[in-house]
Every structure is written in C-alpha cells, then in structure tokens.
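What follows is a single structure, written as structure tokens, with notes after it.
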Amino acid sequence: MKKQRWNDRTRMMLTLELAVVLPAAALVILGALHLHSIRRDRSVEAAFQRDFNQVLLISEKQINHKAYELVDDAASEFPGTGNACVETLDRILATHPYLAHVFVYSPEGGLILRSQPSRMKDWAFQNESENFSSMMKGWMLIEYESTTRELEETSKKGRHYFFQNRAQRGDKWAYQSGMMFLTKNRTGTNHAVAGMVFDAEYLHYQFFPEMLDAVLSHQEEIGEKNHAAIMVHAKYESMPIAASSGWDGGDPEVERNMEGAFPGLTLAIKLPGTTLAAMGEKFERSSFLTLGALSLLLTAGIILTHRNIAREMALARLKSDFVSNVSHELRTPLSLIRLYAETLEMGRLKSAEKYQEYYSIIRKESERLTALINNILDFSRIEAGRKEYEFRQTDMRELVRQTLESYRYQIEQSGFAFEERIAEDVPPLSVDREAMARSLLNLVNNALKYSQDQKYLGVNLFRDNGSVKLEVVDHGIGIPAGEQQKIFDKFYRVGDPLVHNTKGSGLGLSLVRHIVQAHGGEIVVDSVPGRGSKFTINLPVVRTQTAKAALA
C-alpha cells in the first residue's frame with residue numbers, strides 16, 4: 001500500500017503541475033511578455049513618429065533641391081540690367097514651360113512681365129497675369145530698395161529668395177511659388193530685380209505628385225517599408241494640393257512646415273487604411289483578449305485541480321474504508337473457521353450429525369472467504385488490465401442452481417424467504433462459469449446484507465426475446481435514483497446509514513458490471529428506497545466469441 005500511496009501522490013502532484021502550475025507559469029511569462037510588448041509597441045509608435053519625421057525631412061530636401069535646379073536653370077538665361085526685353089523673357093518661358101510668369105524690374109526701365117503665351121487664351125490665366133502684374137508694380141514702387149537689400153543679403157548667404165502667391169482660377173484659389181534675384185549690368189553698379197513664378201497647375205498635377213512618389217519609392221529601395229502615404233497642403237488648410245499614391249484621406253500622423261522653395265506649405269504623412277491610434281487600440285483589445293483567455297485558462301485549471309483533488313481525496317477515503325471493511329469481512333469467516341475447528345479439535349461434540357454440521361459450516365465459510373479473496377484478486381487483475389475470461393458453452397439453469405445451492409445455508413441462516421424461478425426454455429450460453437457464478441453471489445450477498453425487516457430474496461432466470469435475463473430481487477432498503485448509476489463505480493457505497501454500518505468492500509457491483517460487459521451484456525437496476533431493488537443481468541443468446549477474451 002505504501003507504493004500505491006506514492007503513486008497517488010505522484011499523480012496528484014502531476015495534476016497540480018498541469019492544472020495550476022503550468023497555467024500560472026504561462027500567465028506569468030505571457031504577462032511579462034505582454035508588459036514588454038506594451039513597452040515595445042510604445043517604442044514602435046515612437047519609431048514610426050521618428051521615421052515619419054525623417055521621411056518628411058528627406059521629402060522636403062528633395063523637393064527643394066529639384067525646385068532649386070529648375071529655378072537656377074531658368075535664372076541663368078535672364079539678361080543683365082538694361083538688356084531685358086519681351087523677346088528674351090518669352091524665350092525663357094518657351095524653354096521652361098513649368099513657369100507661369102517671368103519679370104524684370106528696374107527703376108529706369110520699370111516692370112517688364114511676361115506670362116506663358118499659350119495660356120493667355122484662358123481668361124482665368126489672363127486675369128491672373130494682369131493681377132500679378134499690378135501687384136508687382138505696386139510692390140516695387142514702394143519696396144524696391146528694401147527688396148534689393150534683402151536680396152543682396154540672401155545671395156551673400158548662398159540662399160534663394162522665394163515667395164508665395166495665391167492665384168485665382170475662376171472661383172478657386174491656387175497656390176503659386178516664385179523666386180526673385182538680382183541682375184546687374186556689366187559694371188555692377190545698377191541692379192534689377194528679376195523673378196519667376198511656378199505654374200500652379202504644374203505644381204498641383206505634376207511636380208508635387210511626382211516628387212512625393214519618388215521620395216516613397218526611394219524609401220522602399222533603402223529598406224524603409226512603412227507603406228506610408230504623403231500629401232502637401234497649404235499651411236492653414238486641410239485639403240491636399242497634391243498627394244502620393246495610396247493617400248486615402250483622414251488625419252495625418254505627422255506634419256512638417258516646409259521652408260525654402262515653397263513657403264506656406266505643409267507636408268503630411270500617414271499610414272493608409274489605419275492610424276497609429278487605431279493600431280494602439282487594436283493592440284489593447286488583443287491584449288485584453290489574451291489576458292481574458294489566460295484568466296479563463298487559470299480559472300479552468302483551478303476548477304480542474306479542485307475536482308481532481310476532491311476526487312483523489314474521496315478515492316483515498318474509499319480505499320481506507322475498503323481496507324477496513326475487507327479486514328472485517330476476512331476476520332468474520334476466519335473467526336468462525338477457527339472457532340469450529342477448535343471445537344472439533346477438542347472433541348466436545350457427542351454426535352456424528354454435529355460433526356457433519358461443523359464440517360459443513362467450515363466448508364461454507366471457507367467458500368465465503370474464497371469468494372471474497374477472489375473478488376479482490378479479480379479487481380486487482382481488472383485494474384492491471386490482465387483479467388481474462390474462459391468462455392464455454394454452459395447450461396445456465398444448472399449454473400444458477402449450483403451457485404444458489406452453495407449459498408443456501410447462509411440464506412436460510414439469515415432468515416430469508418427465498419424464491420427460485422428458473423424457466424425451462426433457457427438456452428445454453430457461452431460464458432465464463434466462475435465469473436458468472438461470482439456475479440450472482442455478489443448480487444445475492446448484497447441482498448442479504450442490505451435487507452432489514454422484510455427479508456425476501458428472489459432469483460429469476462428466463463429467456464426474453466434475444467437475451468437471457470438473470471434477476472436478483474430483494475425487499476431491502478433500496479437505492480435512491482440519483483445514486484443508482486454510481487453504485488457500479490469502484491469503492492462507491494450509498495450514503496445510507498445502514499450501508500455504512502454494514503461492512504463491505506465496495507467492489508462487488510463494480511466487478512459484476514465488468515463481468516457482464518465482458519460477456520457482451522449489461523446490468524441494470526430498478527430500485528425504490530424503502531421498497532427494495534431488482535438487479536437484472538441481460539446476456540445475449542448469440543455470442544460469436546467462444547474462446548478466451550479479455551477486457552482491457
């Protein structure tokens with residue numbers, strides 16, 4: 001029994017580890033990973049912010065660089081002071097179609113401004129040209145000196161002087177960017193203010209879309225695959241002037257005000273189809289679901305552990321009761337055998353009939369002791385999966401009669417009214433004789449033990465359609481409906497005071513069920529508390545198995 005207790009303890013520890021320790025460890029580990037992932041995702045969000053700022057910075061530099069190339073190329077063709085004429089400016093417009101207007105202003109020559117000739121047929125563009133010309137004349141008359149000084153300072157620092165302009169196109173306003181610079185005569189004494197203005201439609205439909213897509217393509221080539229989209233808009237407006245492919249609207253994640261060639265514009269970037277906030281919410285939801293699943297796992301583990309521990313404790317208690325009950329059942333027949341043997345040994349009996357009676361009692365108690373030991377051995381074999389049955393054709397009527405005859409003395413001594421009804425049409429069956437006899441004796445023994453005032457025992461054997469039924473009927477204490485299936489479990493005993501006051505191993509009905517199932521049959525119980533019980537063994541008439549069989 002020591003080894004068995006160690007095995008039970010080992011199983012309980014394994015159950016605890018599997019049901020509690022492992023889920024708890026998983027909860028701790030995954031909780032730590034969860035906290036780490038929160039920090040990681042916050043750093044990822046910050047990394048996205050840094051990456052987006054870097055992309056916008058790169059975008060601004062590349063856009064400015066391209067704009068500087070365009071204006072420098074056009075500026076190189078501007079004439080010096082005193083050489084400006086309409087033809088020269090028209091030639092610059094013809095070779096640089098991305099410019100909408102070019103102009104030269106000097107105090108001596110006044111303002112010479114030309115606009116793209118091919119666009120002058122458009123009344124909106126013509127109106128824009130006239131408005132821009134009027135604006136430049138008024139500005140230069142007032143601000144020429146200050147503008148000249150500012151352009152000189154800007155050129156000394158190696159910078160470009162850009163300005164922004166809003167051009168009205170019908171009922172809409174379009175963004176324009178222009179640049180001014182100084183031209184000088186050969187002696188360098190006289191200055192003229194020259195300038196050019198990017199065409200608004202060129203910026204909107206060609207320059208910015210191409211540059212934004214080029215920046216994103218470059219980022220993907222160097223491995224920065226954030227799948228972002230960029231757009232550019234006026235500083236105090238939200239509608240895009242232009243956007244890269246993939247821009248799906250919505251609020252941008254990061255913005256950067258542009259400097260250089262396009263003052264008054266803002267670059268904006270975002271992830272198409274989502275936002276960093278949405279990503280955070282999704283992560284939060286998944287985190288809560290993960291924690292919820294882990295909590296359910298832990299709860300299930302605790303419930304499973306409680307059930308297993310309760311079952312193990314109940315089983316340990318049943319095993320303890322089993323040892324006590326079996327010890328008592330073994331002691332009773334052994335005491336009787338010893339008592340009658342000592343009486344015979346001392347020769348105190350006076351008649352041959354008494355000797356014969358004592359011999360019969362010793363034999364029957366020995367058979368009772370043997371039956372109890374066989375029950376324990378059978379249970380041990382069943383638990384180990386080594387129980388085998390020897391099937392052979394058997395006259396069930398003869399088997400039942402002989403078994404009851406061997407137990408008749410105990411039935412009569414217990415004061416039971418006994419009825420035996422065996423039908424004549426019961427066919428032979430392929431059964432294990434010893435196992436079926438033990439099943440019948442276990443049922444009869446239970447009927448004797450658990451009957452109080454109404455001591456009745458009935459055994460019926462008859463054929464019913466395709467089966468043979470063996471019934472054991474008593475008028476004992478009965479079994480509650482809720483426990484009628486549990487009584488076939490090993491070590492289980494009904495919670496009735498009479499049951500607990502009556503010694504028993506709790507193995508009999510478990511063995512009966514195993515034996516009957518090994519024969520392809522079933523055992524059922526029909527019982528009413530206080531009115532008795534009827535156990536019925538149903539065995540099929542036709543059996544294909546005629547040799548040894550084992551039930552694992």
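All residue numbers refer to positions in the sequence shown, counting from 1.
In this structure the side chain of L113 reaches within 4.5 angstrom of the side chain of F132, judged on heavy atoms. Looking at I241 and L203, their side chains never come closer than 4.5 Å, going by heavy atoms from C-beta outward. Contact annotation: the side chain of H233 approaches that of M231 to within less than 4.5 Å [non-hydrogen atoms, C-beta and beyond]. Counting heavy atoms from C-beta outward, W247 and P252 have side chains that approach closer than 4.5 Å. Put simply, the side chain of L89 reaches to within 4.5 Å of the side chain of F78, judged on heavy atoms. When side chains are defined from C-beta on, M180 counts as touching M136, because their heavy atoms get closer than 4.5 Å. The shortest side-chain heavy-atom distance between T536 and D526 does not fall under the 4.5 Å cut-off. The shortest distance between side-chain heavy atoms of E69 and H65 falls below 4.5 Å.
Atom OG of residue S527 and atom CD of residue E483 lie 10.5 Å apart, to the nearest 0.5 angstrom. Here the CD1 atom belonging to I269 is positioned 9.5 Å from the CD atom belonging to E253, to the nearest 0.5 angstrom. The CE atom of M211 lies 10.5 Å from the CG atom of L267; values are rounded to the nearest 0.5 Å. A distance of 12.0 Å separates NE2 in H160 from CG in L151, rounded to the nearest 0.5 Å. Separation of atoms CD (E255) and NZ (K235) is listed at 11.0 Å; rounding is to 0.5 Å. Atom CZ in R114 sits 4.0 Å away from atom CG in D90 (nearest 0.5 Å).
When all heavy atoms of I479 and Q484 are compared, the closest pair comes out as O-NE2, 3.2 Å. A pairwise comparison of heavy atoms in E77 and T88 identifies O-CG2, 4.2 Å as the closest pair. When all heavy atoms are compared, the tightest approach of V232 to F208 is CG1-CG, 3.9 Å. Scanning all heavy atoms of the two residues, the minimum distance from A192 to V104 falls at CB-CG1, 4.0 Å. Heavy-atom minimum distance, V516 versus N538: CG1-O, 4.3 Å. Closest approach of A74 and M196 over heavy atoms only: CB-SD, 3.7 Å.
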Show your reasoning for whether side-chain contact (heavy atoms from CB on, under 4.5 Å) applies to L216 and I230. CA-CA 8 Å; L216 293 181; I230 307 178; 3.5 Å; yes
Between Q62 and I58, is the side-chain contact (heavy atoms from CB on, under 4.5 Å) condition met? List the steps. CA-CA 6 Å; Q62 293 185 0; I58 294 172; 3.5 Å; yes
side-chain contact (heavy atoms from CB on, under 4.5 Å), that's the test. Do E150 and Y161 meet it? Break it down for me. CA-CA 9 Å; E150 189 172 355; Y161 182 89; 3.1 Å; yes
Applying side-chain contact (heavy atoms from CB on, under 4.5 Å), run through C85 and I112 and close with a yes or a no. CA-CA 7 Å; C85 62; I112 303 175; 5.8 Å; no
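Pairs of residues two or more places apart, or lying in two chains, never qualify as salt bridge (Lys or Arg N to Asp or Glu O under 4.0 Å) while including a residue from residues 134-148.
Not a single donor-acceptor pair under 3.5 Å links the side chain of N127 to the backbone N or O of W123. When atom types are taken as modelled, the side chain of S129 and the backbone of F125 share no donor-acceptor pair closer than 3.5 angstrom. Judged by distance alone, with hydrogens and angles left aside, the side-chain atoms of Q116 form a donor-acceptor pair with the main-chain N or O of L93 at under 3.5 Å. Distance alone, capped at 3.5 Å, is enough to place a donor-acceptor pair between the N64 side chain and the E259 backbone. A donor-acceptor pair is defined here as one N or O able to donate and one able to accept, closer than 3.5 Å; such a pair exists between the side chain of R513 and the backbone of F488. Checking side-chain atoms of S244 against main-chain N and O of D213 turns up no donor-acceptor pair under 3.5 Å. No donor-acceptor distance shorter than 3.5 angstrom exists from the side chain of T266 to the backbone of N257, with no hydrogens or angles considered.
In this model, a donor atom of one side chain and an acceptor atom of the other lie less than 3.5 Å apart for Y389 and H514. No side-chain N or O of Q206 forms a donor-acceptor pair with one of E201 less than 3.5 Å apart. A donor-acceptor contact closer than 3.5 angstrom links the side chains of H101 and S115.
For CZ of F163, the number of neighbouring non-hydrogen atoms (other residues, nucleotides, ligands) closer than 6.0 Å is greater than 12. Within a 6.0 Å sphere centred on CD of E130, other residues, nucleotides and ligands contribute more than 12 heavy atoms.
Among the candidates Q176, H204, R119, the single residue satisfying the side chain to side chain donor-acceptor pair (under 3.5 Å) test with D199 is R119.
If you look at F162 and Y68, their ring centroids are closer than 6.0 Å. The distance between the ring centers of Y105 and Y144 falls below 6.0 angstrom.
Ring-plane geometry between Y202 and F198 is classed as parallel, the angle between the planes falling under 30 degrees on a 0 to 90 degree scale with a further cut at 60.
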